[in-house]
> 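Supplied in structure tokens, the structure appears directly below.
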There are 2 protein chains.
Amino acid sequence: MHSEAVASRSADQRDSSRESRHGTPHLDAVSLAIIEQLQEDGRRPYAAIGKAVGLSEAAVRQRVQKLLDQGVMQIVAVTDPLTVGFRRQAMVGINVEGDVESAADALSAMSEVEYVVMTAGSFDILAEIVCEDDDHLLDVINKRIRALPGVRSTESFVYLKLKKQTYMWGTR
Amino acid sequence: MHSEAVASRSADQRDSSRESRHGTPHLDAVSLAIIEQLQEDGRRPYAAIGKAVGLSEAAVRQRVQKLLDQGVMQIVAVTDPLTVGFRRQAMVGINVEGDVESAADALSAMSEVEYVVMTAGSFDILAEIVCEDDDHLLDVINKRIRALPGVRSTESFVYLKLKKQTYMWGTR
DNA sequence: ATCGAGACTTGCGGATTTCGCAGCAATAGC
DNA sequence: GCTATTGCTGCGAAATCCGCAAGTCTCGAT
């Protein structure tokens, strides 16, 4: 009775190699289940995962390797910025004149910028900044970001308290 | 000559147990280096990490375990939302009348909400939403979030293109 | 000055895990 | 119908993990 798990397994796995119309590899239920296991513990042994999802150890190993190779997931350590010495964080909304994408690229090149996304709405770009202290944050926003070519205006939202932060994509 | 690495190592490790004034455990350079290793590959063997940071396998094992126990870091799989079937994402800026924190808690309880932070600035809360499609996103924002007690107004920024997303806190 | 605690090292087996490879079955393609 | 491919299983061999003991060193407190 290592049962439960995903059952069936007849022709499901072929989905994992089938490309959906936009080039992104589609995932079947088993791979999803594997990802969920690794979201709980990125170091969980393959055999344990296999038991949970109803696959052999070797099969899990192959699928995990493929998921990593394809870039579907990565197994990494994530930390709480505060305990690692970064005391000030902020989200910055940015408006750009001209080429938005090149501005986003310039932001992406900055090490203090953790997250860059182009958006629809009253900002062209949202960027998350992680800094050591107020001075550092001020410097990044006022000296570096505002100096970028094409940047018309910025609006900052300094983080007061992080309430939720999950890595549970693919689960639900 | 298993040299290179972090050198010195005289009394650094005591920092790891010293609490900085706000209760957050302080990390020394060696723990930082270990975290960096695991940010590159969360499954890297302890011996390999030890070689890189200049510690024995056993010592690395102890430190990693402590870092996990203390909640300083976690080793998890992270995925690209798009390839896992979530095609619409948005950041939502929210203004609240009354208790901001309880509103943030309510948001945190929603599974579609990946990220919640209380901020200073023209929004009280920023929340990142991950949805399967437009209908789902519309439903979450207009039916669920706007219906929350205390929510006065919202402004949405639909993601057009994710340009950068790192998990490299603690590195630099 | 001495003692105790904490952190690290070395060394060591045993249990566990990883890894590569040889089959085998089912599917997709020709 | 036949073949190539893909995914899975099973199985040894190698590597890793894990707990533990003994000994060193430094710091801080008695």
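No hydrogens, no waters, no symmetry mates; every other heavy atom, side chains included, goes into these values. Protein chains get the first letters and strands the later ones, always in sequence-line order, with residue 1 at the start of each.
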> Of the listed nucleotides (dG10(D), dT9(C), dG7(D)), which one gets closest to any side-chain atom of Leu55(B)?
dT9(C)
> When you get a sec, tell me which of dC17(D), dT18(C), dG10(D) is the closest nucleotide to the side chain of Tyr46(B)?
dC17(D)
> Could you state the atom-to-atom distance from CD1 of Ile49(B) to C1' of dA15(D) in whole Å?
15 Å
> Between Lys161(B) and Glu101(A), is a salt bridge (Lys or Arg N to Asp or Glu O under 4.0 Å) present by the stated rule, with each step listed?
CA-CA 9 Å; Lys161(B) 183 168 190 176; Glu101(A) 189 129 20; 2.9 Å; yes
> In whole angstrom, give the distance that lies between atom CD of Gln65(A) and atom C1' of dG7(D).
15 Å
> Among the candidates dC8(D), dT18(C), dT9(C), find the nucleotide nearest to the side-chain atoms of Arg63(A).
dC8(D)
> Taking atom P of dT18(C) as reference, at what distance in whole Å does atom CZ of Arg44(B) sit?
16 Å
> If I take atom CD in residue Gln62(A) and atom C1' in nucleotide dT17(C), what distance separates them, rounded to the nearest angstrom?
16 Å
> Check Val151(A) against Ile145(A) and note the closest heavy-atom contact, atom names and distance.
CG2-O, 3.6 Å
> Using the ring-ring contact (aromatic ring centres under 6.0 Å, His included) rule, collect all pairs that involve residues 96-130 of chain B, keeping only residues at least two apart or in two chains.
Phe157(A)-Phe123(B)
> Expressed as a whole number of angstroms, how long is the span from Glu57(A):CD to dT16(D):C1'?
13 Å
> According to a strict under-4.0 Å criterion, is Lys66(A) in side-chain N/O contact with OP1 or OP2 of dT6(D)?
no
> For Gln37(B), give me all partners under side-chain contact (heavy atoms from CB on, under 4.5 Å), at least two apart in sequence or on another chain.
Arg44(B), Ile49(B), Ala52(B), Val53(B)
> For Ala58(A) and for Ala48(A), find the nucleotide of DNA chain C with the closest heavy atom, then tell me which residue's nucleotide is more 5'.
Ala48(A)
> Specify the separation, in whole Å, of atom CG of Asp28(B) and atom P of dA7(C).
10 Å
> What's the NZ-P distance between Lys51(A) and dG10(D), to the nearest Å?
12 Å
> Just call it for Ala59(B): base, sugar-phosphate, or nothing, with non-hydrogen atoms closer than 4.0 Å on any strand.
sugar-phosphate
> What nucleotide, of dC19(C), dT10(C), dT17(C), holds the atom closest to the side chain of Arg61(A)?
dC19(C)
> Taking the basic N atoms (NZ, or NE/NH1/NH2) and the acidic carboxylate oxygens, is any pair closer than 4.0 Å for Arg88(B) and Asp135(B)?
no
> Please give, in whole Å, the distance from dT16(C) C1' to Arg43(B) CZ?
13 Å
